[in-house]
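The block underneath contains the structure these notes are about, expressed in structure tokens.
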Amino acid sequence: MGSMVLLDLMGGVALLLWGLHMVHSGILRAFGPDLRLLLSKALHNRFSALAAGLGLTALLQSSTATALIVSSFAAEGLVGLVPALAIMLGANIGTTLIVQVLSFNITAVAPVLFVFGLVAFRSGPRSRVKDLGRVSIGLGLMLLALHILIDTLAPAENAPGVRVLLDAMTGDPVLCVTIGAILTWLVHSSVASVLLVMSLAYAHFISPYAALALVLGANLGSAINPVFEGARRDNPASYRLPLGNLFNRLVGILLVAPFLRPITVLLQAWQPDLAKMAAEFHIAFNVGTAIIFVGLLDGVARLLTWLLPDRAPETDPSKPRYLDESALETPSLALADAARETLRMGDMVETMLRNVMTALMTNDRGLVDQVSRMDNDVDGLDEAIKLYVTGLTRGSLDEREGKRAMEIVSFAINLEHIGDIIDKNLSELAAKKIKRRFQFSAEGAEELSAFHKRIVNSLRIAFGVFMSGDPNEARELLTEKAELRNIELAATERHLDRLREGRPETIETTSLHLDVLRDLRRIHSHICSVAYPVLDAAGYLQAYRNAERNPAAISAVTTNPPR
């Protein structure tokens, strides 16, 4: 009998956690970019930041997820520590709202949620409606899990040994807080652990006093997770926010714990339903903590900054700066981190491209050596980005996220190829020119510089396409690709004319000149690779492929897009 009760209890908790996961992932998939925008707009003061944290966590149903997102921003200096701490105060309130809703007897709503969720989820290709269907199914599973827990625990009250366990937990509040913290740390969700406590209290499995102590422990446990998962050991500053949130929770618990017995008596007289009483204490504790600390955040922030100073500047450029491993649990955030690192890699490639042309024109051997060293750094970043995105794709990504992951990997690979062309081809040409003391003709040098300038401009446009996915900018890249082909042919023809004239400098550099033009055009082909997924998504790709050799025709495709 006891083993069956334990098995049913474990099954109910597992179902509760899975339902919570479906709600969390469905909200992230439906509103992920909008949630990041909400945070960015709500950081003007601590009160708007608190409200943003409340709203974000009420949607995500995970203060841990909010902490991981905000910790990443704070560690990179994108969010000030005071508004970040305010966001977490709001997040701690937001995570109580679903508990408050589920404290009411709404189990009968579960079938309606299942039906609605199934219809929405099977509505066809990926859409926000489909993601909301996932949320609806998750809420239904949570309600069903609560029903299972209550039905399982009701007859267990009279089981042998239960009274001994109940008396032990009731008499030791420190043990209750510790158990609640460990349970929440293990399941990574204060929502799940508080709902379990509510079920235990409703079935009279634990006393009201023990229930409130366990709720305090759940609040402590939910603040522990981000300390281990949201911080990076190589960056002490990344510990500031999770430790600040843990400090706020711990002080709040120390203030409330001595008065827990009179609080229990007062609440029980006002709310005889023990499940609702636990839920109301949960929200009251977090609202009270927010009221106490919202005015003290400046002092807390100064203390944390003093205890955890900024790390020394990164000296190895080949090591990634933005690939936060803790963000892998939140695909939208991890993809944004990978895109930022890829842009950093692109900046290094752009510097290589500029330096190698300067070396070609000025015979600067030092720049040639610098370009070779930077190519090793680019190779290291390319490897790190691919491994990071591969780790992300092991999880469950929707179609849009999967495509974005492949776009990031593809662009990183093409940037690495550009770096190889610069290092293995253009740098060697520059070294050869320096060794033999060759000089381009004035006209030839001007042609190469103008051609190179257009390549650099295209690379910067490609960065914009990579981040924005703008089909107009993608069209501009392919228009430039077709025009550069004609410019290369014209430059080659002019070079041959100078060669026929017998100019000495042209005769010396003829192979160098033509090889530089060829390699720059190869680089431009890799740059243009970022445009094709964007055009494919917009429905323009086939028309562009048909018109690729005619710039005027390419322009007409955007003017009259295919239907």
Side-chain angles (χ1 to χ4, degrees), residues 5-6 9-10 12-14 16-17 20 61-64 92-93 95-100 102-103 142 145-146 148-150 152-154 156-157 161-225 246 249-268 271-289:
V5 169
L6 181 61
L9 182 63
M10 292 173 61
V13 172
L16 181 64
L17 288 173
L20 190 61
Q61 289 311 309
S62 173
S63 59
T64 300
N92 297 335
I93 299 173
T95 195
T96 67
L97 298 183
I98 187 66
V99 173
Q100 186 66 32
L102 295 179
S103 67
M142 291 175 70
L146 288 175
I148 292 173
L149 289 173
I150 291 172
T152 301
L153 292 170
E157 182 183 4
V162 168
R163 182 59 54 188
V164 176
L165 176 63
L166 187 150
D167 291 339
M169 294 182 66
T170 302
D172 191 346
V174 175
L175 178 61
C176 289
V177 172
T178 304
I179 290 173
I182 293 173
L183 176 64
T184 305
W185 175 69
L186 288 174
V187 302
H188 281 58
S189 172
S190 62
V191 173
S193 56
V194 171
L195 289 175
L196 177 60
V197 170
M198 288 165 52
S199 300
L200 294 171
Y202 182 84
H204 299 285
F205 199 92
I206 56 175
S207 69
Y209 177 69
L212 299 194
L214 285 168
V215 169
L216 288 180
N219 280 276
L220 180 62
S222 67
I224 294 174
N225 289 319
L246 178 60
R249 287 282 185 99
L250 189 58
V251 171
I253 290 170
L254 292 175
L255 291 174
V256 171
F259 308 101
L260 199 57
R261 285 196 182 277
I263 290 173
T264 303
V265 174
L266 181 64
L267 285 179
Q268 194 171 11
Q271 178 56 268
D273 187 321
L274 298 187
K276 290 182 180 179
M277 184 189 76
E280 287 159 3
F281 174 73
H282 183 40
I283 193 170
F285 171 77
N286 284 284
V287 170
T289 303

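Throughout, residue positions are numbered sequentially from 1 according to the sequence presented.
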ask   = CG/L175 to OG1/T178 distance, rounded to the nearest 0.5 angstrom?
value = 6.5 Å
query = Can you tell if the side chain of L214 reaches within under 4.5 Å of the side chain of V177, non-hydrogen atoms only?
reply = no
ask   = For the atom pair CG (L266) and CZ (R261), what is the distance rounded to the nearest 0.5 Å?
value = 15.5 Å
ask   = Any side-chain heavy atom of H282 within less than 4.5 Å of one from N219?
value = yes
ask   = If every non-hydrogen atom of M198 is compared with every non-hydrogen atom of A278, which pair is closest and at what distance?
value = CG-CB, 3.9 Å
key: Exercise: identify the closest heavy-atom pair between T184 and S222   = CG2-N, 3.5 Å
query = Where is the tightest heavy-atom contact between L267 and M277, given as atom of each residue plus distance?
reply = CB-CG, 3.7 Å
message = Is the shortest side-chain heavy-atom distance between T289 and N92 below 4.5 Å?
response = no
ask   = Mind checking what makes side-chain contact (heavy atoms from CB on, under 4.5 Å) contact with L260, not counting sequence neighbours?
value = Y209, L212, A213, L216, V256, T264, F281
query = Minimum heavy-atom separation for L274 to A201, with atom names?
reply = CD1-O, 3.4 Å
query = Are T96 and V194 side-chain neighbours, meaning at least one heavy-atom pair lies under 4.5 Å?
reply = no
Minimal non-hydrogen separation, N286 against I93, with atom names = O-CG1, 3.8 Å
